[in-house]
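One structure is given here, and the rest of the page talks about it.
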Amino acid sequence: MSEETLEKVYDPKKVEEKWMRRWEKDAISHADSKSDQPPFSIVIPPPNVTGSLHLGHALNSTLQDILSRWRRMSGDNVLWLPGMDHAGIATQNVVERRIVSEGKMDRHELGRKAFIKRVWEWKAESGGTILNQLKRLGASCDWQRERFTMDEGLSRSVTTVFEQLYKEGLIYRDQRLINLCPHCRTALSDIEVEHEDIEGKMYYIQYPLADDPTKFLTVATTRPETMLGDTAVAVHPEDPRFNHWIGKKIKLPLTGREIPIIGDAILVDREKGTGAVKITPAHDFNDEKSGKRHGLEKISLIDWSGEMEPLLLYHAEVERELANLLSYESMTEARKIVVKALDEVGILEPKPEKHMMSLGKCYRCKSIVEPFDSPQWFVKVNAPGNSLAQAAIDAVRKKKIRLIPESWEANYFGWMDNIEDWCISRQIWWGHQVPVFYCRNCDLDYILGVPGGGTIITAEATPIVGENTCQKCGGTDLEQDPDVLDTWFSSALWPFSTLGWPANLQADETKQKEAEALLKRFYPTSTLVSGFDILFFWVARMIMMGLHFMKEVPFKDVYIHALVRDADGQKMSKSKGNVIDPLDLMDKYGTDALRFTLAAMASPGRDIKLSEARIEGYRNFCNKLWNAARFILMNRPGEANKTTSVSELAPTTSANRWIQSRFNQSVASVDRALKNYRFDEAAHEIYQFTWHTFCDWYLELAKVDLQNESTRDETYATVVQTFEASLRLLHPFMPFLTEELRTFFKADTRCLALAEYPEFSPEKNDVDAEEAVQKVVIDTIMAVRNIRGEMNIPPSESLPVLIQAKDAAAEKAFEKEMPYIKRLARLSDVTLGTSLEKPRMSATAATDDGTIYLALDEARIRSEIDRISKRLLKAEKALAILEKKLGNEKFIANAPAAVVDKTKAEQQAGIENKNRLSAELQHLETFFSNPTETQ
RNA sequence: GGGCGGGUAGCUCAGUUGGGAGAGCGUCGGCCUUACAAGCCGAGGGUCACAGGUUCGAGCCCUGUUCCGCCCA
């Protein structure tokens, strides 16, 4: 290919798809279960099967891809395992909406079996678009090993885990309050409830004594509608106002019931409210605990839809007229009705009082959740002697698992120390059905049909787990538990279930061997990359399950990244309408630019406010590299082939030696940054090197050597070598562009993705070359440019200068590097020497090795005076700080000698600089006091 | 109420053994310098939220105040 075919501007669209296909064809990311290379494994946080790529995924996957590509190129046997989560509630809702739109009422009309079939059909048709989007992002997952939380193997893992935990007593069934989402009609775990502070109203209700209706206790509540389910009123046992009433009875208003007054020092805070508290154990978590302490009955009022249920109202002995009004009303409606009824009786104290209260909402549908009394399955997380949580805490405390950034540890410990049992049953259909059965013969009374379809099995039924027959009667007529497991239950097993655990249950011997090999090689996985929002949902539970079943941590490092927000720092959400679609950004700026932006902004512990300006900047970076490649191709010797062998190249020119040394140091920085998960630092280092060091300085210097017959070949070779190596260094961040560009310089049939990552080697450091170029070339050129810039001397105006070298050695150095200096500073003519006669009036600049004189015509003397004045002011300021420091005796006495010496040296240099500048200034001013002398 | 993170240039943010205040974008000035105007060269811009303390020395360590964000109760 020649330069004619390279367009002036990089167009990502033309190359991205090609390389996506090529990587897939070459299976660059397929891990070898038998390879002896060091393993490196990552399991992807499985996106929801219903999902489509958002910026969170883009960030998460970009970081994983950078790690994967980096380790792969570094010689590791990399497994990045992709897959999806069945996302129980979310998926069920999606499919259910479709059914409704097709004219059916709801899933119950379809029936469970048919519904699940429909979900699978939906998945086959429209599920998993996100995986293709990940491919577009360049994700180098091992696509041949894609898994799904509901696939056969993973379902086997789920059943195995459930049965074992049950047999260990770590899974149990209980009837208690859980969080009910009335909209999703299912139980939620505690962390699936989001809390929101809202301004509520406090109601004060007078509860009359049963034996003396003239006396009453006033209770305060934010939820008056639940009073129909009260089973006691509590006061503080040491509260002299009320404690003599303990043991008496209350006639519960609006009902036919009498309830006891009890003393409860835990529940009642004497300072707050009225000092008397209504207890509703079926509708409040704290009341349930108090009820348990005092043996109170739980009287529930609502059904699974969160509506007032007539039979329950009857059981609660609610006055019939009121019960009729309340039947099938939501809690919100019920509140209005009950408040009105209380008011009519005249026992509502009118104290309109605003009160901040916390409202629980479903994390899926944002409906208000209700505490609901029902039979559910739980995982016991802190069983004495067999505590899942304690093991998970210890693993992090003993650094078997590192959280990065470490600051998340406090959060992790805080949550784990207070963790409560995990409610894992969900009353939905899409998911792993609880692998528990009940005997229709023995427990028929406990298996209840629910109006509108479905089954409820009460807590009294005896679970049959891992057996085909009833242990009591030997019967085989079994009914499976209708609930399904929390989606997070199966994703908790992801790091080992995806590798084929349990291997002994694989279908055949080949599969078993493969599973064993995978587990042995890739578990524990190396790194988990996760957003902090699922630290508890997912990460903590993987740690518990991994430790329990594999006896080893599931991953060694957890890199926790932040949220991607919009440019104003707002969380992106559909309802706010501020969602930025990463695919749009990829279309507009190219995938590499987006990836690079995300990596460069991924500073630990800080949210990413994504701005398009930043992406645009990195789009420009892509273009810069593209044009560097164009330039290099333009300089390719006609007959040269692509396989420039430069591995043993020992360059001789200063520029060539310099760039090799500089590149080597960049490699070290990038390596250090990546090892510390500092994606931002790695990205900045590569950006800085390729743009400013390689393009801005080196290529400009190389132009000189390329025009010189004797240095041409080595220079072209060095240019290509360094550029190609830079592409490799950059590849994990910008896979598409780097692959494309490398094809012009390497006839390698392998992808760049499989090439070697640059390695730092101390012997490649070249201190002499670095110093020569920095001091003699760069400092000099910058000095001249500063003069030009300040005086607006255009580059087209070539300048003659004098360079006064400070000694013979310096003179030699200037002599040697003069071609670079002349070209980059655009000098027409240079007079070099150690004792030159300087021009009468000139602009001057000093470097370590000499002084540069630029003859001035009269018109520019004024601006030179300005320029020198500015510099003098700066120099004086800097010097003053140093002198103050050195004038402090305590500094001399206490600071380390090295610091003092350094400061003294700086002071010396500062003085010389200042003196030189002020002398120069004086000299320039003589022109105006005595202009004739200029001639 | 408890916990965590943050307040650094006009904007977005870096800045970890305490000793130089930095980057990108934007701004200003000069350039179509034979790869790149999505570019090149130069320049300006900050009492590092506030108040104390430790130290020879604090953006960095300690205490308090304040504002913003998040998590938990």
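Lettering of chains follows the sequences in order, A, B, ..., and the numbering in each one begins at 1.
Using a 4.0 Å heavy-atom cutoff across all strands shown, A:C695 reaches at least one base atom of the nucleic acid. Contact annotation for A:H195: backbone-only contact, meaning every heavy-atom pair under 4.0 Å involves sugar-phosphate atoms and none involves a base. Heavy atoms of A:S603 sit under 4.0 angstrom from primed sugar atoms or phosphate atoms, though from no base atom. Residue-level contact check: A:R619 touches the bases, meaning some heavy atom is under 4.0 Å from a base atom. At a threshold of 4.0 angstrom between heavy atoms, the contacts of A:N792 are confined to the sugar-phosphate backbone, with no base atom among them. Using a 4.0 Å heavy-atom cutoff across all strands shown, A:E700 reaches at least one base atom of the nucleic acid. A:N418 comes within contact range of no nucleotide atom at all, as no heavy-atom separation falls under 4.0 Å. Across all strands, A:A410 comes closer than 4.0 Å to no nucleic acid atom at all (heavy-atom distances). Using a 4.0 Å heavy-atom cutoff across all strands shown, A:K703 reaches at least one base atom of the nucleic acid. Within the nucleic acid shown, A:A893 has no heavy atom closer than 4.0 Å to any nucleic acid atom.
The A:H692 side chain lies nearest to B:G24 when the options are B:C36, B:C70, B:G24. The side chain of A:M634 lies closest to B:A35, out of B:A35, B:A14, B:G20. Here B:G5 is the nucleotide among B:C56, B:A37, B:G5 with the atom lying nearest to any side-chain atom of A:S407. Residue A:P794 places its side chain closer to B:C31 than to any other of B:A43, B:U12, B:C31. Nearest to the side-chain atoms of A:K890 among the listed nucleotides B:C31, B:C56, B:C70 stands B:C56. Residue A:A628 has its side chain nearest to B:A35 when only B:G42, B:G24, B:A35 are considered. Here the nucleotide nearest the side chain of A:M601, chosen from B:A35, B:U12, B:A38, is B:U12. Side-chain atoms of A:E790 lie closest to B:G42 of the nucleotides B:G42, B:A38, B:G30. Checking B:G19, B:A37, B:U16 against every side-chain atom of A:V899, the shortest atom distance belongs to B:G19.
One C1' atom belongs to B:A58, the other to B:G52, and the distance between them is 13 Å to the nearest Å. Comparing the P positions of B:G69 and B:C13 gives a spacing of 14 Å, expressed to the nearest Å. For the C1' atoms, the distance linking B:G5 with B:A43 amounts to 37 Å, nearest Å. Taking the P atom of each, B:U65 and B:G2 are spaced 11 Å apart, rounded to whole Å. Here the separation of B:G45 from B:A23, taken at their C1' atoms, is 14 Å to the nearest Å. With both ends at atom P, the span from B:C68 to B:C62 equals 24 Å, rounded to whole Å. On the C1' atoms, B:C36 is 48 Å away from B:C71, given to the nearest whole Å. Taking the C1' atom of each, B:G30 and B:G18 are spaced 41 Å apart, rounded to whole Å.
Comparing A:P896 and A:I191 by the nucleotide of RNA chain B whose heavy atom lies nearest to each, the residue mapping closer to the 5' end is A:P896. Comparing A:F621 and A:Y618 against RNA chain B, the residue whose closest nucleotide sits nearer the 5' end is A:Y618.
In this structure, A:R788 atom CZ and B:U33 atom P are separated by 14 Å, rounded to whole Å. For the pair A:D901 CG and B:G19 P, the interatomic distance rounds to 17 Å; values are reported in whole Å. Spacing between atom CG of A:D284 and atom P of B:A73 amounts to 14 Å, rounded to whole angstrom units. Between the CD1 atom of A:I793 and the C1' atom of B:G30 there is a distance of 11 Å, rounded to whole Å. At whole-Å resolution of the value, CG in A:L699 and P in B:C41 are 12 Å apart. Spacing between atom CG of A:L610 and atom C1' of B:C11 amounts to 15 Å, rounded to whole angstrom units. In this entry the distance linking CZ of A:R785 with P of B:U33 reads 15 Å, nearest Å. Taking atom CG of residue A:D696 and atom C1' of nucleotide B:G42, one finds them 13 Å apart after rounding to whole Å.
Using the six-membered ring where Trp is involved, A:Y618 and A:Y687 have ring planes that are perpendicular, over 60° apart on the 30 and 60° scheme. The aromatic rings of A:W408 and A:F532 sit parallel to each other, their planes meeting at less than 30°, with 60° as the upper class boundary.
A salt bridge between A:R712 and A:E709 is absent, with no side-chain N of the basic residue lying under 4.0 Å from a carboxylate O of the acidic one. The residues A:R860 and A:E797 are annotated as salt-bridged, a charged nitrogen and a carboxylate oxygen being separated by less than 4.0 angstrom. Taking 4.0 Å as the cut-off between side-chain N and carboxylate O, A:E196 and A:K361 count as a salt-bridged pair. Ion pair A:E7/A:R630 not flagged as a salt bridge, since none of the NZ, NE, NH1 or NH2 atoms sits closer than 4.0 Å to an Asp/Glu carboxylate oxygen. Using a cutoff of 4.0 Å between basic side-chain nitrogens and carboxylate oxygens, A:D866 and A:R862 are not scored as salt-bridged. At a threshold of 4.0 Å, the pair A:K399-A:E409 counts as salt-bridged, since one of the basic side-chain nitrogens sits closer than that to a carboxylate oxygen.
Residue A:K624 places a side-chain atom within donor-acceptor reach of the base of B:C36, judged by atom type and a 3.5 Å distance cut-off alone. In terms of polar N and O atoms assigned as donor or acceptor, the side chain of A:R823 never comes within less than 3.5 Å of the base of B:U33 in a complementary pairing.
For B:G42, the paired base is B:C28 (Watson-Crick or G-U wobble, both distances below 3.5 Å). B:U33: no Watson-Crick or G-U partner with both key distances under 3.5 Å is found in any strand. Of the nucleotides present, B:C13 is the one that pairs with B:G22 by Watson-Crick or G-U wobble criteria, both distances under 3.5 Å. Pairing for B:G69 goes to B:C4, judged as Watson-Crick or G-U wobble with the two contacts each under 3.5 Å. Summarising the base pairing, B:U54 is matched to no nucleotide, lacking a Watson-Crick or G-U wobble pair whose two defining distances lie under 3.5 Å.
Side-chain nitrogen and oxygen atoms of A:N627 include none within less than 4.0 Å of the OP1 or OP2 phosphate oxygen of B:A38. Within the structure, every side-chain polar atom (N or O) of A:K884 is placed at least 4.0 Å from both OP1 and OP2 of B:C56. Considering only side-chain N and O atoms, A:W691 lies under 4.0 angstrom from the phosphate OP1 or OP2 of B:C40. At the phosphate of B:G39, OP1 or OP2 sits under 4.0 Å from a side-chain N or O atom of A:N620. A close approach under 4.0 Å does not occur between any side-chain nitrogen or oxygen of A:R826 and OP1 or OP2 of B:G30. Here A:K609 reaches the OP1 or OP2 of B:C13: one of its side-chain N or O atoms lies under 4.0 Å away. The side chain of A:K874 places an N or O atom within less than 4.0 Å of a non-bridging phosphate oxygen (OP1 or OP2) of B:G44.
Geometric assessment of A:R364 against the ring of A:W488 yields a negative cation-pi assignment under the 6.0 Å and 45° thresholds.
Here the options are A:T718, A:N656, A:T693, the test is side chain to side chain donor-acceptor pair (under 3.5 Å), and the partner is A:Y698; only A:N656 passes.
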